[in-house]
2 protein chains.
Amino acid sequence: MPRARLTPLSVTEAGAALIDEIGFENLSMGLLAERLGVKTPALYKHITSQADLVHRIAVRAMAQFADAIRDAIQGRAGSDALAAGAQAMRTYVLEHPGQYAAADAASSRPTGPDDPIIPAVERVVASWAAMLRGYHLDSGQEIHALRMLRSALHGFSTQEAAGGFQIDASVDDSFTWMISFLDRGLQNITAQTSSSSSLAR
Amino acid sequence: MPRARLTPLSVTEAGAALIDEIGFENLSMGLLAERLGVKTPALYKHITSQADLVHRIAVRAMAQFADAIRDAIQGRAGSDALAAGAQAMRTYVLEHPGQYAAADAASSRPTGPDDPIIPAVERVVASWAAMLRGYHLDSGQEIHALRMLRSALHGFSTQEAAGGFQIDASVDDSFTWMISFLDRGLQNITAQTSSSSSLAR
DNA sequence: TGCTGTAGGTTAAAGCCGTTAACCATGAAG
DNA sequence: CTTCATGGTTAACGGCTTTAACCTACAGCA
């Protein structure tokens with residue numbers, strides 16, 4: 001009987017593919033084992049537990065998510081960077097709902113100070129921060145704008161992925177409308193601040 | 001041995017309290033039974049399954065959530081209504097994270113066309129729509145604004161409840177900043193539309 | 001080439017779920 | 001006082017994660 005030649009990585013990758021297909025909460029060791037042509041206990045030669053598996057999926061997902069956003073923002077600035085980054089996030093969540101759910105859950109409860117998800121999350125935040133720098137907000141408002149952006153994009157993407165937008169109006173239109181709304185607002189902050197500071201001189 | 005005098009309602013209420021304490025995904029029949037001073041199978045005399053229990057919790061939660069938002073918006077208009085409604089939502093999610101998660105999950109997948117969660121969701125949407133009417137958006141933009149609002153508030157509240165805002169900047173400040181950002185943006189849309197329409201005359 | 005040790009599979013089994021069946025006690029109605 | 005349905009109980013089943021015990025493929029070395 002030939003061997004399956006599994007590795008921690010191949011198990012994680014298969015798990016990632018599976019979790020997107022069947023949903024975060026439906027992932028089971030039995031299904032994954034079956035998918036890999038192996039009996040359930042074989043998985044424990046490569047991962048220590050289901051929690052470990054989900055965490056590995058989450059770390060890998062957050063890293064790829066960070067890459068996607070960095071790549072989208074790369075070479076763009078201002079409104080273009082916002083639109084591209086936002087669209088990249090939305091696309092990632094829609095294409096990888098299970099992985100995103102895993103990454104999201106893991107990111108708020110790291111396993112420790114050396115959890116590899118932490119640098120991955122920081123890369124995401126750094127990309128958003130770099131994008132926001134194009135709007136020249138003053139330092140006190142940066143954090144607020146960042147949190148608003150994450151909230152709006154996370155909220156929109158997850159609700160869309162969950163089928164939460166049921167009225168028959170184009171979800172694409174709503175998304176681009178939201179992005180341009182946020183863009184206009186961010187530009188106005190800049191305008192107000194710079195005009196009021198020039199008045200103060 | 002005296003009886004526990006359970007009812008579907010009392011079981012649902014105890015489940016609602018428990019789900020907020022231990023989290024949506026950690027709810028178990030055994031824990032709930034223990035909390036009620038009863039053996040697990042006794043619960044099945046009042047509810048048909050765990051899925052049924054969660055659904056009852058979700059329906060009740062969505063109804064209370066709808067009440068909270070209606071009451072907050074009641075008697076206010078424009079920016080005041082937005083701020084009050086948004087704060088009511090945030091408070092509800094923070095105080096009832098498990099119930100909100102249940103309600104959110106159930107709302108996107110109703111059990112059928114007569115699922116009682118549907119009117120409850122509609123009441124929430126109606127409240128937001130009534131609030132937005134104060135900004136006099138034209139009908140095409142209403143849906144987009146509504147979706148944006150739900151996204152931003154849902155995203156912010158759930159991330160805060162999950163402990164997702166870890167940088168030490170006041171989350172309260174970020175929330176009020178976001179609300180006033182949204183308020184300003186909504187007012188500007190009105191201003192632009194009415195000025196351009198008056199120009200068109 | 002043949003031997004051997006270990007990595008990577010297997011089967012068996014324990015423990016915790018949700019759920020159902022069979023049974024029994026409470027306490028309200030006649 | 002008797003009855004009997006309601007609302008509890010214990011027992012048991014199947015599915016899940018996980019561990020233990022076992023076995024076999026196959027890489028490295030004589």
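Each chain gets a letter, A, B and so on, in the order the sequences are listed, and its residues count up from 1.
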For residues [X] and [Y], is any side-chain donor paired with an opposing acceptor at under 3.5 Å?
| X | Y | value |
| --- | --- | --- |
| B:D183 | B:Y135 | yes |
| A:T40 | A:E34 | no |
| B:S174 | A:R147 | yes |

Could you check how far [atom1] of [X] sits from [atom2] of [N], rounded to whole Å?
| X | N | atom1 | atom2 | answer |
| --- | --- | --- | --- | --- |
| A:E34 | C:dT10 | CD | P | 13 Å |
| A:E25 | C:dC17 | CD | C1' | 17 Å |
| A:M29 | C:dT10 | CE | P | 14 Å |
| B:L27 | C:dT19 | CG | P | 11 Å |
| A:N26 | D:dC16 | CG | P | 11 Å |
| A:L32 | D:dT18 | CG | P | 12 Å |

Heavy-atom closest pair, residues B:G112 and B:I118: O-CD1, 3.5 Å
Checking contacts here: which listed nucleotide (D:dT10, D:dT17, C:dC17) is nearest the side-chain heavy atoms of B:K39? D:dT10
Residues of residues 40-53 of chain A with any non-hydrogen atom less than 4.0 angstrom from an atom of DNA chain C: list those, numerically ordered, please. A:P41, A:A42, A:K45, A:H46
Under 6.0 Å from the ring centre and within 45 degrees of the ring axis: does the NZ or CZ of A:R90 meet both conditions for the six-membered ring of A:F175? yes
Apply side-chain hydrogen bond (donor to acceptor under 3.5 Å, both in side chains) to A:Q159 and B:S108, showing your working. CA-CA 8 Å; A:Q159 289 194 80; B:S108 47; over 6 Å; no
Closest to the 5' end of DNA chain C, once B:G30 and B:R5 are matched to their nearest nucleotides, is B:G30
